[in-house]
There are 2 protein chains.
Amino acid sequence: MSFVNLKQLAGELGLASSTVSRAMRDSYEISTATRERVKSVARQLNYQPNPYASCLRNNVTKTIGVILPQLDNHFFSLAINGIEEVAQQNGYHVLIYLTHDSGEQEKAVSKYLTSGRVDGILLALASGTRGIGHLEKLKLLGVPIVQFDRVNETLRTATVTTDDYASGYQATEHLLRAGCRKVAHLLVSESLSISSRRLQGYRAALAAHHVPFDADLVLTGTASNDENLRRIARLLTQRPDIDGIFASVERLALSSYQACQQLGIAIPDAIKIIGFSNMETATLLAPALTTITQPAYAIGKEAARILFQAITKHKPVLPAQSLELKSELIARASTACAAR
Amino acid sequence: MSFVNLKQLAGELGLASSTVSRAMRDSYEISTATRERVKSVARQLNYQPNPYASCLRNNVTKTIGVILPQLDNHFFSLAINGIEEVAQQNGYHVLIYLTHDSGEQEKAVSKYLTSGRVDGILLALASGTRGIGHLEKLKLLGVPIVQFDRVNETLRTATVTTDDYASGYQATEHLLRAGCRKVAHLLVSESLSISSRRLQGYRAALAAHHVPFDADLVLTGTASNDENLRRIARLLTQRPDIDGIFASVERLALSSYQACQQLGIAIPDAIKIIGFSNMETATLLAPALTTITQPAYAIGKEAARILFQAITKHKPVLPAQSLELKSELIARASTACAAR
DNA sequence: CTGTTAGCGCATTCAG
DNA sequence: CTGAATGCGCTAACAG
C-alpha cells in the first residue's frame with residue numbers, strides 16, 4: 001500500500017484529474033452526484049492530496065515557523081500551546097526551531113525560512129542575537145513576522161509582550177512596601193527587551209520611593225546556572241545589607257532561593273524574593289517566593305492570531321497591531337512581608 | 001524583493017538551470033570554476049532552493065512530525081529539546097502537533113500525516129486513544145513511527161521508554177523501607193502504558209515486602225487538577241492510615257503535596273510522597289518531595305536517532321530496536337525518612 | 001458540467 | 001563538462 005494520487009483516483013473513477021480535483025475542493029461547477037461519488041471513492045482509497053504539490057502550485061504552504069530560544073522554560077511551552085491551538089483552528093501546521101539563545105543558530109534558522117518554507121514566522125529573540133540583518137532579509141522577502149516576549153524594537157513588526165516595565169515597577173514596589181531598602185536586581189542579558197524594560201521599571205520604582213539606585217546591586221546572569229548561583233551567593237556575602245531580590249526571570253529566582261538556602265539566609269524574613277515564573281510548581285511549593293506570572297498561553301494565541309490575520313489578508317504585520325498583556329503578581333507571602 | 005528561483009539564477013549566470021542545480025549540489029561533473037561562480041552569485045542573490053519543489057521531485061520531505069499529548073508537562077518540553085537537536089543535526093525540520101490527550105485529535109493529526117507530509121513520526125500516545133487504526137494506516141503507508149514514553153504495545157514499532165516497571169518498584173520500595181505500610185498510588189489513566197507498568201511495579205514491590213495490596217489505595221486521576229486535589233484530599237481523610245503516597249506523575253505529586261498542606265498533614269513526617277518529576281524546581285523547592293527523574297532529553301534524542309536511522313536507510317523501524325532508559329531517584333529527604 | 005493543457009521549481013535523465 | 005527535455009502531483013485557465 002502506498003500513497004494514492006489524483007491521477008490514480010481519476011483513473012479509478014473514469015474522470016479527468018481536474019474534475020476530481022475540483023470535486024474534492026467542493027467547486028461549484030461540479031454536480032452533486034459526481035462530487036459525492038468522487039469523495040466516496042477517495043475515502044475508500046485513502047486519497048490525501050499531496051501537500052507539497054499543492055503548495056508548489058498555490059504558493060501557500062499552510063505552515064508557520066516558530067523560533068524560540070529554548071523550551072526548558074515553562075513560559076515557552078505554554079506559549080506553544082497557544083500557538084499550536086490557533087494554528088490548528090486555521091488549518092495550519094507548525095514548524096518549530098530552537099536557537100538555544102545563540103545568535104548564530106537564529107541566523108541559520110532564519111536562512112532555512114528564506115526559501116518560502118513558511119507563510120509566516122513567530123519569533124522570540126535569542127539573547128545572543130546581535131545584528132538583525134537575517135530578520136530584515138525575511139521581512140524584505142515579504143515573510144510576515146510577529147515577535148513575542150523577547151522582541152527587537154528596531155525591527156518594525158507587530159509584537160506581543162507583557163507589561164514588562166509595569167511589572168518590573170510593581171515587583172520592586174512590592175518589595176519596597178514590604179520594608180526592603182536594598183533590593184538587588186537579577187537580569188538575563190542587557191540586550192534583551194524584557195530585561196531592559198524590567199530594569200527600567202525597577203529603577204523607576206526606586207526613584208519614586210526615594211531609594212537611591214545602586215549599580216552594584218544589579219547582576220547580569222550567564223547561561224550557566226551553577227555560575228549564576230556562585231555569583232548570587234558572592235553578591236549576598238559581599239553585601240549583607242541586601243534585604244530583597246527581584247529576579248527578572250524564573251531561573252534566577254530559583255538560583256536566588258538556592259543561594260539563600262546555602263548561605264542559611266531565611267526567606268522571607270531576612271530576605272524577600274520576587275521573581276517571574278510560569279510554573280505553578282514554584283508558587284505551590286515555595287509560598288515564600290512571590291511570583292509574577294505572565295499570561296504565556298494568551299501571548300502565544302494572540303501572536304498567532306495577529307500573524308494569521310496578516311497571512312490570510314495578505315497584509316503586512318504592522319507595529320501598530322502590537323499588544324501588551326498584563327502579568328499577575330501572586331504574593332502568597334505578602335502578609336508575612338507586610339507584618340514584618 | 002522576492003524569492004529567486006533556479007531559472008532566474010541561471011539566467012543571471014548565463015547557464016542552464018540544470019547546470020546550476022548540479023553546481024549547487026556539488027555534483028562531480030561540474031568544473032570547480034563554474035561551481036564557485038554559481039555559488040558566489042547564488043549567495044549574492046540570496047538564492048534558496050524551494051524546498052517544496054525539491055520534495056515533490058525527490059519524494060523526500062526532510063521533515064518529521066512529532067505528536068504529543070501536551071506541553072504543560074516538563075517531560076515533553078525536554079524531550080522536544082532532544083528531538084529538535086537531533087533533527088537539526090540531520091538537516092531535518094520538525095512539525096509539532098498537540099493532541100491534548102484526546103483520541104479524536106490524535107486521529108485527526110494522523111490523517112494530516114497520511115498525505116506524505118513527513119518522512120517519519122515520533123509519537124507519544126494520547127491517554128484518550130482507544131483504537132489504533134489511524135496508526136496502523138500510517139504504518140501500512142510506509143511512514144516510519146517511533147513511539148516514546150507513552151506507547152501502545154499492540155502497534156509493532158520501536159519504542160523508547162523509561163524503566164517504568166523498575167522505577168515503580170523502586171519508588172514503592174523506597175517508601176516501604178522508610179517505614180510506610182499503607183502506600184497510596186496515584187495514576188493517570190488505566191489505559192496508559194506508563195501507568196500500568198508503574199502500577200505493576202508498585203504491586204510487585206508490595207508483594208515482595210509482604211504488604212497486602214489494597215485496591216482502595218489506588219486512585220486514578222482526571223484531566224482536572226482541581227478534581228484530582230479534591231479526590232486526593234477525600235482519600236486522605238477517609239483513610240487516615242495512609243502513610244505514604246506514590247504519585248506516578250508530576251501533577252499528581254504536586255496535588256498530593258497541596259492536599260497535605262490543606263489538610264495540615266506534615267510532610268515527610270506524617271506522610272511521605274514520592275513522584276515522578278522532570279522539574280528541577282520541584283526537587284529544589286520541596287526537599288521533602290522525593291522525586292524520580294526521567295531522562296527526558298535523552299529519550300527525545302534516542303527516539304529521533306532511531307527514526308532517522310530508519311529514514312536514511314529506508315528500513316522499517318522494528319520493535320527490536322526499542323530502548324529502555326533508566327530513571328533516577330532523587331531523595332533529598334531520604335535521611336529524614338530513614339531516621340524516623 | 002467536464003476534459004485538455006500548461007506550469008509551479010526542481011533534479012534527473014539523455015544528448016551532446 | 002554543459003544544455004535540453006521531462007515529470008514529480010496538483011490546480012487554474014481555457015475549451016467545449
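Letters A, B, ... are given to chains in the order of the sequence lines, protein chains preceding strands, and every chain is numbered from 1.
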By nearest atom, which of the nucleotides [options] is closest to the [X] side chain?
X	options	answer
B/Arg57	D/dG9, D/dG7, D/dG3	D/dG7
A/Ala53	D/dC10, C/dG9, C/dG3	D/dC10
A/Leu56	C/dT4, C/dC10, C/dG9	C/dG9

| field | Side-chain heavy atoms of A/Glu85 within contact of B/Leu98, under 4.5 Å | value |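 The answer is no; the side chains never approach within 4.5 Å.
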Rounding to a whole Å, what distance do you find between [X]:[atom1] and [N]:[atom2]?
X	N	atom1	atom2	result
A/Leu6	D/dG7	CG	P	17 Å
B/Gln8	C/dG9	CD	C1'	10 Å
B/Lys62	C/dG9	NZ	C1'	18 Å
A/Leu13	C/dG3	CG	C1'	14 Å
A/Lys7	C/dG3	NZ	C1'	15 Å

Taking only side-chain N and O atoms of [X], does any of them lie within less than 4.0 angstrom of OP1 or OP2 on [N]?
X	N	answer
B/Ser21	C/dA11	yes
B/Tyr47	C/dC10	yes
A/Asn5	D/dG9	yes

We want to know whether [X] and [Y] form a side-chain donor-acceptor pair, criterion being a heavy-atom distance below 3.5 angstrom.
X	Y	value
A/Glu84	A/Gln88	yes
A/Ser191	A/Ser189	yes
A/Ser18	A/Arg22	yes

| request: Kindly state which residues belonging to residues 22-35 of chain B come within less than 4.0 angstrom of DNA chain C, counting heavy atoms of the residue only, listed by number. | output: B/Arg22, B/Arg25
| said: Less than 4.0 angstrom from a charged side-chain N to a carboxylate O is my criterion; do A/Lys39 and A/Glu36 meet it? | reply: no
| request: Classify the angle between the aromatic ring planes of A/His93 and B/Tyr97 as parallel (below 30°), tilted (30 to 60°) or perpendicular (above 60°). | output: perpendicular
| Heavy atoms from other residues, nucleotides or ligands near CG of B/Asn58 exceed 12 (cutoff 6.0 Å) | yes
| query | Taking five pairs at each end, how big is the angle between the two axes of the helix from C/dC1-D/dG16 to C/dG16-D/dC1, to 10°? | reply |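 End-to-end axis angle: 40°.
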| message | Suppose we call a contact any N or O donor and acceptor under 3.5 Å apart; does that hold for the side chain of B/Ser18 and the base of D/dA4? | response |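 For B/Ser18, whose side chain was compared with the base of D/dA4, there is a donor-acceptor pair (under 3.5 Å).
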| task | Determine the sole option in A/Ile145, A/Leu113, A/Leu122 for which the side-chain contact (heavy atoms from CB on, under 4.5 Å) test with A/Ile67 is passed. | result | A/Leu113
| task | Would you kindly compare B/Asn58 and A/Asn58 by the position of their nearest DNA chain C nucleotide and give the one closer to the 5′ end? | result |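 It is A/Asn58 whose nearest nucleotide is closer to the 5' end.
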| query | Taking all atoms of both residues into account, what is the closest heavy-atom pair of B/Phe148 and B/Ala79, and its distance? | reply | CE1-CB, 4.1 Å
